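As structure tokens, the structure follows; a few thoughts come after it.
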There are 2 protein chains.
Amino acid sequence: MLTITEENYLKAIFKSSLKETDGVSTNSIAKELETKASSVTDMIKKLSDKKLVNYKKYQGATLTKQGKDIAVSIIRNHRLWEVFLVEKLNFKWDEVHDLAEELEHINSEKLTEQLDAFLEFPKHDPHGDPIPDKNGNINRHNDITLADLQANEIGTVVGVKEQSKSYLNYLENIQLELGAKITVHNIVDFDRSMSASINNGNSINISHQASKNLIIKKSK
Amino acid sequence: MLTITEENYLKAIFKSSLKETDGVSTNSIAKELETKASSVTDMIKKLSDKKLVNYKKYQGATLTKQGKDIAVSIIRNHRLWEVFLVEKLNFKWDEVHDLAEELEHINSEKLTEQLDAFLEFPKHDPHGDPIPDKNGNINRHNDITLADLQANEIGTVVGVKEQSKSYLNYLENIQLELGAKITVHNIVDFDRSMSASINNGNSINISHQASKNLIIKKSK
DNA sequence: GATTATTTTTAGACTAGCCTAAAAAATAAG
DNA sequence: CTTATTTTTTAGGCTAGTCTAAAAATAATC
Ligand SMILES: [Mn+2]
Ligand SMILES: [Mn+2]
Ligand SMILES: [Mn+2]
Ligand SMILES: [Mn+2]
């Protein structure tokens, strides 16, 4: 049995490994967990002793099969709980992350599988992130963002790259939720801001900063 | 914010205080938490510093208003989660306690209240224990047990005093669930065992050990 | 009321996880 | 290729929570 801290390290290494090519650096783990590099070194050694990460001094860390399986199953829990909170308990998508951070550490296969069934086997969490299946397979979605669209093109919102409360809240305020249809009218050359309409409603203006974090599926 | 350990101590003190007249002894807390008396003394001092328990050396501990409120709210969480697991995720009543022990520590008023609403404001958990309301009021039920019935009297199962897996499992096997109707036929003088029928079905034999832990409501 | 027995507290030590400061290794610049 | 910068590791120390063993206080017994 692992401690919550150990589980969080595995998750952090997994997340960083998606961005880094080879071994995950001590510093990036430290950044992810808001802790110090020296603490990371300590923990990596411990996880290495437990055969959950491969580690050679100064070479960064990679997850073993076993370590990766644990990380993915925690992410599975996290995303299922987020769905539960939004779908069943009427939470908003900007309110669920912190609670899911706690709920994800309750380790019970039966709990996870029953919850999955209760939610009718959702494929994505409230932020559009894919939910790993029971065997740990993840369907990463293509990363086309609103910023990639040209004028007059149309897309559907399928996820967000940035998950800060303020961003999620902003999106909700302008009705840009999962599944919303967005039509690009015009792109300003100077700052790459867009005017676009949401669900064929009023036209609004969206900054590049905002559009590049909105994952969409291009229509037609 | 309290640690999970601190919360568990408050809960343990609360539970013991229901059985003990005045201050809860160091030993009974140690027994409840399966820890050592010396650890308890350390923690009680800490909780006393935080004004959650009243403590004078060698005098035992009592909860302050604040400490009691926290304990009760954790129990509220615990029992609500047990209802969730049984009602929504199809767990059996002998499988939910350990999971609820973990879930109860997720502190979010919104989560608790939304869960309560989702479950349609249950009054009792799967073991018949009363769920404290939002303000911490608890409706303890009268403690008439099956062992208190005479021959030919009839009762309805409303709870259990003993919550071990083996007992709960046994009850389930003989269909003695919450709400079951039980009719006493005969009581053996020698060992106080009973023959009784469940839901007007076949007559079975129940030991005193079993009957005295089954809380019932006497019919008429 | 003195003497055991029990309970509780103290003292000191251990582990997990974290930190700061300094040393060592790796990387980047000149 | 030598020096400066950055990254990583080590060394040592701190807190929370636990334990064992010993001391102190309370309770029980003679
Ligand atoms: Mn999240
Ligand atoms: Mn998410
Ligand atoms: Mn329980
Ligand atoms: Mn219960």
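Just so it is clear, the model here is predicted, and its values are computed rather than measured. Just so we're on the same page: letters track the sequence lines, and every chain starts at 1.
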By side chain to side chain donor-acceptor pair (under 3.5 Å) - contacts of Thr145(A) (at least two apart): Asp148(A)
Within the distance-only criterion (no hydrogens, no angle test), does the side chain of Tyr55(B) pair as donor or acceptor with the backbone N or O of Thr62(B) below 3.5 angstrom? no
Whole-Å distance, Lys36(B) NZ to dC14(C) P, equals 18 Å
Whole-Å gap separating C1' (dA16(C)) and OH (Tyr9(A)): 11 Å
Do any N or O atoms from the side chain of Gln59(B) and from the backbone of Gly23(B) form a donor-acceptor pair under 3.5 angstrom? no
Pick out the pairs of N or O atoms, protein on one side and nucleotides 6-10 of chain D on the other, that lie under 3.5 Å.
unit_1: dT8(D); atom_1: OP2; unit_2: Asn27(A); atom_2: N; d: 3.0
unit_1: dT8(D); atom_1: OP2; unit_2: Asn27(A); atom_2: ND2; d: 3.2
unit_1: dT9(D); atom_1: OP1; unit_2: Tyr55(A); atom_2: OH; d: 2.4
unit_1: dT9(D); atom_1: OP1; unit_2: Tyr58(A); atom_2: N; d: 2.9
unit_1: dT9(D); atom_1: OP2; unit_2: Thr26(A); atom_2: OG1; d: 2.9
unit_1: dT9(D); atom_1: OP2; unit_2: Thr41(A); atom_2: OG1; d: 3.0
unit_1: dT9(D); atom_1: O5'; unit_2: Tyr55(A); atom_2: OH; d: 3.4
unit_1: dT10(D); atom_1: OP1; unit_2: Lys57(A); atom_2: NZ; d: 2.5
unit_1: dT10(D); atom_1: OP2; unit_2: Lys45(A); atom_2: NZ; d: 2.4

Listed pairs under 3.5 Å, donor-acceptor, residues 83-91 of chain B side chains, sequence neighbours left out:
none

Between dC19(C) atom P and Glu34(A) atom CD, what is the distance in whole Å? 11 Å
Rounded to whole Å, how long is the line connecting atom CD1 of Ile29(B) with atom C1' of dT8(C)? 12 Å
Output the distance between atom CG (Leu176(B)) and atom CD1 (Ile182(B)), rounded to the nearest 0.5 Å. 4.5 Å
May I ask you to test the Thr112(B)-Asn107(B) pair for a side-chain heavy-atom distance under 4.5 Å? no
